Visitor: 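My questions all concern the structure below.
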Amino acid sequence: MDGAVPMGAGGAYCVAAGQSAVDDLRHAAQGAAAVIAVGTCAAFGGVPYAAPNPTGAVPVSEVIRDRPIINVSGCPPIPEVMTGVVVYYLSFGMPTLDRQGRPLTFYGNTIHDRCYRRPFYDEGRFAHTFDDEGARNGWCLYELGCKGPVTYNACATLKWNQGTSFPIQSGHGCLGCSEPDFWDKGGFYRPLPAATGHWPRGEVLGGAALGGAVVGVGAAALARSRQHAVAKSAKEASSPPPREDSHEH
Ligand code: SF4
């Protein structure tokens, strides 16, 4: 199934040959062993689901509740991921899913986990505008709003167009398009708050440290040092952060 399902006005916002999309979906799912929701709209509602959601759009999982659902999110999803999920299902059955219903094989790591710019992040080297020294040198795009640290997908490894490139390699931060509600999360060019974006691993391991795990202590210390590096970098930046409305149009 591709696309969100408009439920408003009795499903009248999407009708083909007198049949609404919601009725088509229910009909198709009747004999299905499983339903693959392809794309962020089908998986999580996507752009139609964004506020104010005038058509009452919902994800497939809110319509079909008696069949296994595999979410293949992304706006659009990666072709190899779509193909891979179908082949996997036909060969081995249901894949192991994450808490968002996505196959762990393709959604088990964040973009940030596998990003080739990660060494710059770890060193506190950031681009602050799209044409500054950091941007020209290929430094981390975190301060330009990259959502890679909180976005699970395979873009950084499979890439696009037969492995040619992906948004970060083209100089633009990740929009987080494979995550729920990515359109309503406060702006593509607004940096993630440090609490959720800079040190997720450190926080997790920091919790282990409370229980006495030595590795947690080390990770928390590393996280603090990274936080200091980012704060220092931001302070030294000569240019103010780009206006959000100067990039989104
Ligand atoms: S913040 Fe974005 S650009 Fe920077 S390392 Fe993470 S994923 Fe890559």
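Atoms within a ligand are numbered from 1 in the order they appear, just like the ligands themselves. Not measured: the values here are computed from a predicted model.
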Visitor: Search all heavy atoms of L192 against all heavy atoms of C146 and return the closest pair with its distance.
Guide: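 Looking at all heavy atoms of both residues, the closest pair is CD1-O, 3.7 Å.
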
Visitor: I need the single residue from L175, V47, T40 that forms a side chain to side chain contact (heavy atoms under 4.5 Å, CB included) with W183. Which is it?
Guide: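 Running side chain to side chain contact (heavy atoms under 4.5 Å, CB included) over L175, V47, T40 with W183 returns exactly one hit, V47.
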
Visitor: Please determine if E179 and R102 form a salt bridge, counting it only when a charged side-chain N lies under 4.0 Å from a carboxylate O.
Guide: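 Yes, E179 and R102 are salt-bridged.
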
Visitor: Is it possible for you to say whether L104 and V87 belong to one hydrophobic cluster, with membership spreading through side-chain heavy-atom contacts below 4.5 Å?
Guide: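 No; V87 is not reachable from L104 via cluster members.
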
Visitor: List nothing but the number: protein N/O/S atoms under 2.8 Å from atom 8 (Fe) of ligand 1.
Guide: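 Step by step: take atom 8 (Fe) of ligand 1, keep protein N, O, S below 2.8 Å, and you get 1.
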
Visitor: State plainly whether the residues D181 and K185 are in salt-bridge range, i.e. N to O under 4.0 Å.
Guide: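 Answer for the salt bridge query: no.
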
Visitor: Is the OH atom of Y152 crowded by more than 12 outside heavy atoms at less than 6.0 Å?
Guide: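 No.
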
